Amino acid sequence: MSALLPLPSYAAPSKADVEVQFEKWVQADLWPEAKANGISEKVFQAAFSGITLNWNLPDLAPPGFPPPKEQKQTQAEFSSPAPYFNEDQLKKLAATGRGFAAQYGSTLKRIEKTYGVPGSIVLAIWGRETGFGAAKIPNSAIEVLATKAFMSTRKEMFRTELVAALHILDGGDVTPANFKGSWAGALGQPQFMPTSYLKYAVDFDGDGHRNIWTSVPDTLASIANYLVKKGWQRDRDWGFEVSIPEAISCAQEGPDLAKPLSHWASLGIDRISGKGFPSGEMKAEGMMLVPAGRDGPEFIVTPNFYIIKEYNNSDLYALYIGNLADRIAYNGGAFQGRWGDVGKMLRSDVAAMQKALERQGYDVGGSDGLPGYKTRRSIGQWQAKNGMKPTCFPEATMKGKLK
């Protein structure tokens, strides 16, 4: 009986092997594309001088390594919104923001005149993104983008951003040494991706460079220009916290169900502050927003709310910016409506509810386990149809009934 011979073992590539592959990829694969895009060889070689892979970044899929494990949709990924609106943090940002509103008053007035975006909104985004420029942004943008273009789970997207980054360097606005970004590749104080920089960054201080790393005027004006190019409406607010009477269904939410503010007011929907809606807004369109259904603050928002979401596609982010802007401009405080104990359900349970609603003909906007406005209003419609009081938010008690 012959002895079983061991099978030859194939060693997985080491990090050093992958680094060699990366060097070849930069010169043989990326450089021809950059050259075809008009990037000079001098700029390209300067950009990649000393650049190696950054193995500490998230979402990497190195060639030859086991693929990253898929995240199972079992975790409660949408926790209660309350911690997002950390009052201590908001108070500090608002106080700092009011100081900058005074310090950069003339610049902000010029920005408002040029772009029609309130200075308080621009300051709020600056404050939220990088703490008014105080956040450390230590990463080489080329290193981050090249690593992700070579071996991340979204290589094509980052390759596009990397080529855009090379265009920025080729334009001479910034040197490779000062070309800093976040671990996700977002640049400078407004945290623009390179493609956004090329479209929206402006030179507002007149020095001939679009400098979103160290120039406050360029940073603030670039944020305003971004919002305008996305569709910001001059002379309109972002939205208002309101009280929606119990008799009014919460299932009227969403940008596709916009109505004049006068319509919402005629239903008995009032600002929670007790002030009336501004007279200039009454004929303009507004949308109901109930991010936690009946178990949280309620809003009528304007199209500008959805423009803020272009910066970061999250209802909570846009509400945070709106609230911070109101604190900076009017010394406002926290939302008066309390966030209930919502968002504790498993994402997989919410996805199952979404699939059940889809089977019944409801448009939930996709069964990803995250309850956006289409899911919230579908739940409200289903609850009303089945003799329940609409709450417009997924609840554990619905699991057995909604199959």
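Reckoned from all heavy atoms, side chains included, excluding hydrogens, waters and symmetry mates. Keep in mind that this is a model prediction, so the values were computed, not measured.
- A donor atom on one side chain and an acceptor atom on the other are found under 3.5 Å apart for Trp238 and Asp326.
- Legend: salt bridge (charged side-chain N to carboxylate O under 4.0 Å, His left out) pairs involving residues 35-48, not counting sequence neighbours: none detected.
- Using a 4.0 Å cut-off between a side-chain N of Lys or Arg and a carboxylate O of Asp or Glu, Lys148 and Glu161 do not qualify as a salt bridge.
- You'll find the side chain of Thr130 reaches within 4.5 Å of the side chain of Gln191, heavy atoms only.
- For the pair Arg210 and Asp173, the salt-bridge criterion is met [side-chain N within less than 4.0 Å of a carboxylate O].
- In this structure, Phe277 has its ring center at least 6.0 angstrom away from the ring center of Trp264.
- Side-chain contact, Glu281 with Thr302: no donor N or O sits under 3.5 Å from an acceptor N or O.
- Separation of the Phe240 and Phe299 ring centroids does not fall under the 6.0 Å cut-off.
- Under a 4.0 Å N-O distance rule, the pair Arg377/Asp363 does not qualify as a salt bridge.
- Legend: residues meeting side chain to side chain donor-acceptor pair (under 3.5 Å) with Glu33, ordered by chain and number and at least two apart, are Arg159.
- Counting heavy atoms from C-beta on, the side chains of Val18 and Phe65 come closer than 4.5 Å.
- Within the structure, side chain to side chain donor-acceptor pair (under 3.5 Å) contacts touching residues 55-64 (residues at least two apart or in different chains) are Glu19-Trp55.
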